[in-house]
Amino acid sequence: MEIEPGRDFIRDMIGADLAAGRHQRVVTRFPPEPNGYLHIGHAKSICLNFGVAAEFGGRCHLRFDDTNPTKEEQEYIDAIKRDVQWLGFDWGEHLYHASDYFAQLYAWAEGLIGAGRAYVDDQSQEEMRANRGTLTEPGRNSAFRDRAPAENLDLFRRMRAGEFANGARVLRAKIDMAAGNFNLRDPVIYRILHAAHPRTGSDWCIYPSYDFAHGQSDAIEGITHSLCTLEFADHRPLYDWFLDNLPVPSRPRQYEFARLNLTSTVLSKRVLTELVRHGHVSGWDDPRMPTLAGLRRRGVPAAALREFVRRIGVARADNLVDVAMFEHVIRDLLNKSALRRMAVLRPLKVVLTNYPAGQGEELEALDHPEGKDGPKRSVRFGREIFIERDDFMEVPAKKFYRLAPGREVRLRYAYLITCREVVKDKAGDVVELRCTYDPATRGGNAPDGRKVQGTIHWVGAADAIAAEVRIYHPLFTSAEPAGGENFAADLNPVSLEILNHCRLEPALANAPMGDPVQFERQGYFCRDLDSSADGLVFNRTVGLRDTWAKVAAGGR
RNA sequence: UGGGGGAUAGUUCAACGGUAGAACAGCGGACUCUGACUCCGUUAAUCUAGGUUCGAAUCCUAGUCCCCCAGCCA
């Protein structure tokens, strides 16, 4: 699919910067913290950063913001790389880590101390909090704020040498305890963390804070436009303060945009982590998860993510995008590309009483309805077939034009059949239909030109293959899930629906893993990696638009 | 109410002093061997009040409402 770049305030501004000669080329970066998997919200940032760089002939770096070894893991680093590539972006040679700059950041911290702009604070975490002030009251200076640079330097070096326990001291920038912006109330820039780092091992026991690492990393890499989400807008004055007070090699600028919110979806990494940890989902790649790994496994093409992100645009206003827009983009894409197959999810047996027993025949079916002369496959027809339970109503509702007693419908690519008899079990449930077929309608058209209202899908009982099909529903019930401490209250108890007795046409037996296929009249599906020799498993990526369901629901 | 940010159809985004427009959702219809797709039609918005201007969503003033910030997380 041809994706036209969007127009937004970020692109406008970068275009203006380039036109004014403020930069020769644009350099952006996508800076994930490896403490979880990437989700659809990250896709917005990835598409923005890599997209903008590509559109303006610049480059985009992938940089891991790995300044907190207590939360970060190699597994996440690997997963993030895989997901960014899958989304369709390439950082080339430009793979970096904030940890690559630990030595430089440390040297800059010593420089700040020497200049009297940073000090070692011995206050406990509680004392610091108590002295930070409130929204309306200024903070109070620490008793250690005016330590001499030499003493600060000595203490800082001893912090680095491992002489102190976690939390015993921190290094703080000396800015303004009375600032209205909390980020300027002497922010912590180094803390003691006796923890092994995925990349630097045990080289360090002090680690820079986000604020002390991010802007400087941008400067080291020559980033021109540092794009981040709105909640970092308050950090911009601090970002600039470090760049103003340190001998950095370049001068990046930070710009903020609104993060993505999606209806009935939680994009809080904290909550997603807990869903995984507490077993509410099978893992980060559970197809119900809004993670890129989950969406991929579910069958969502990377191009759909890109197109979705393009359509929602980029702005600074808070937003809550209807997940229906995302689903529309997925269908739009898959409609064009997915092969068509027939599959019966909730089978109802049909016996064609006038079809000779022990016989069968091959019928032709299109792989895609728009390719009338394109690829075809054959499907096996016979005396016994399965149809969808929902395609039969003993007492047809108004506007229901599928199968009912005495009624004639078309079996897709096969024959017109008429329901003659309904067989029930002792409980009164319909277990079988006895129908007759019209041999003159082979292929689906009546020579006398008579029309039927409904066309339904089917599979031949003789050669249908069994499969499990998984239907996914939102993980959360409310349109705007809380996402807070008690997110569990919002959890949808039936987010996973497993259909165990599905019957598929045999061509589906060797469907390649992950490739999209349309089960006609039902939706887009793909073979799941849980499939094994003794069991085929399919995921429903997204259902087809279902006007009948709407009519039926409205009629009640 | 200390600092920062934001308000345009139900939703998301345009309109950059000159006719408020698109997509999704909704509704109605056409077509159809997928109640899909496609096509056509249609409902529907500038937070409020003043001001500047021939002309304001856009500029000014005063309000209102919403979001973010008091981690040694990012």
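Per chain, numbering begins at 1; letters A, B, ... match sequence-line order.
- The phosphate of rG2(B) has neither OP1 nor OP2 within less than 4.0 Å of any side-chain N or O from Thr134(A).
- For Glu163(A), the salt bridge (Lys or Arg N to Asp or Glu O under 4.0 Å) criterion is met by Arg158(A), not counting sequence neighbours.
- Not a single donor-acceptor pair, N or O on each side, falls under 3.5 Å between the base of rU12(B) and the side chain of Arg311(A).
- In this structure, Asp211(A) has no salt bridge (Lys or Arg N to Asp or Glu O under 4.0 Å) partners at least two apart in sequence or on a different chain.
- Contacts of Glu33(A) with the nucleic acid, taken as non-hydrogen atoms under 4.0 Å apart, involve only primed sugar atoms and P, OP1 or OP2.
- The side chain to side chain donor-acceptor pair (under 3.5 Å) check on Glu480(A) picks up nothing, with sequence neighbours excluded.
- Side chain of Arg340(A), nearest nucleotide from rA70(B), rA14(B), rU34(B): rU34(B).
- Of the listed nucleotides (rC24(B), rC69(B), rG35(B)), rG35(B) has the atom at the smallest distance from the side chain of Lys399(A).
- Annotation: proximity of residues 167-177 of chain A to RNA chain B (heavy atom, distance under 4.0 Å) is found for Gly167(A), Val170(A), numbered in ascending order.
- For RNA chain B, each stem of at least three Watson-Crick or G-U pairs (distances under 3.5 Å) is given as range with range: B:2-7 with B:64-69, B:10-13 with B:21-24, B:26-30 with B:38-42, B:47-51 with B:59-63.
- Comparing atom distances between the Leu230(A) side chain and each of rU12(B), rG5(B), rU1(B) picks out rG5(B) as nearest.
- In this model, a side-chain donor or acceptor of Gln518(A) finds a partner on the base of rU34(B) within 3.5 Å.
- For His457(A), no side-chain nitrogen or oxygen approaches OP1 or OP2 of rU34(B) to under 4.0 Å.
- In this structure, the side chain of Arg185(A) engages the main chain of Arg132(A) through a donor-acceptor pair within 3.5 Å.
- Note on Arg412(A): a base of the nucleic acid sits closer than 4.0 angstrom, heavy atoms only.
- Counting atom types as modelled, Asp546(A) pairs no side-chain N or O with a base atom of rG35(B) as donor and acceptor under 3.5 Å.
- Toward the 5' end of RNA chain B, the nearer of the two residues Thr67(A) and Asp322(A), judged by each one's closest nucleotide, is Asp322(A).
- Counting non-hydrogen atoms under 4.0 angstrom, Leu184(A) reaches nothing in the nucleic acid.
- One donor-acceptor pair, N or O on each side, does fall under 3.5 Å between the base of rC16(B) and the side chain of Asp12(A).
- Between rC73(B) and Arg191(A), a contact under 4.0 Å exists linking OP1 or OP2 to a side-chain N or O.
- In this structure, Tyr210(A) does not pack face-to-face on the six-membered ring of rA74(B), missing the 5.5 Å centre cutoff or the 30° plane limit.
- Rounded to a whole angstrom, the distance from the P atom of rC16(B) to that of rA7(B) is 16 Å.
- Checked against side chain to side chain donor-acceptor pair (under 3.5 Å), Asp373(A) has no partners two or more places apart in sequence or in another chain.
- Put simply, Arg132(A) has a side-chain N or O that comes within less than 4.0 Å of OP1 or OP2 on rG71(B).
- Base contact: Asp234(A) has a heavy atom under 4.0 Å from a base atom.
- Between Arg129(A) and the phosphate of rA70(B), there is no side-chain N or O to OP1/OP2 separation shorter than 4.0 Å.
- Both Leu135(A) and Arg402(A) lie close to RNA chain B; mapped to their nearest nucleotides by heavy-atom distance, the more 5′-ward contact belongs to Leu135(A).
- Each of Asp121(A), Asp186(A), Asn152(A) was compared with Arg172(A) under the side chain to side chain donor-acceptor pair (under 3.5 Å) criterion, and only Asp121(A) meets it.
- Residue Lys550(A) places at least one side-chain N or O under 4.0 Å from the OP1 or OP2 atom of rG26(B).
- Within 90° of 0 lies the glycosidic angle of rG71(B), which makes this nucleotide syn.
- Annotation: rG51(B) and rA45(B) have their P atoms spaced 25 Å apart (nearest Å).
- Considering only heavy atoms from C-beta on, Arg63(A) comes within 4.5 Å of His214(A) through its side chain.
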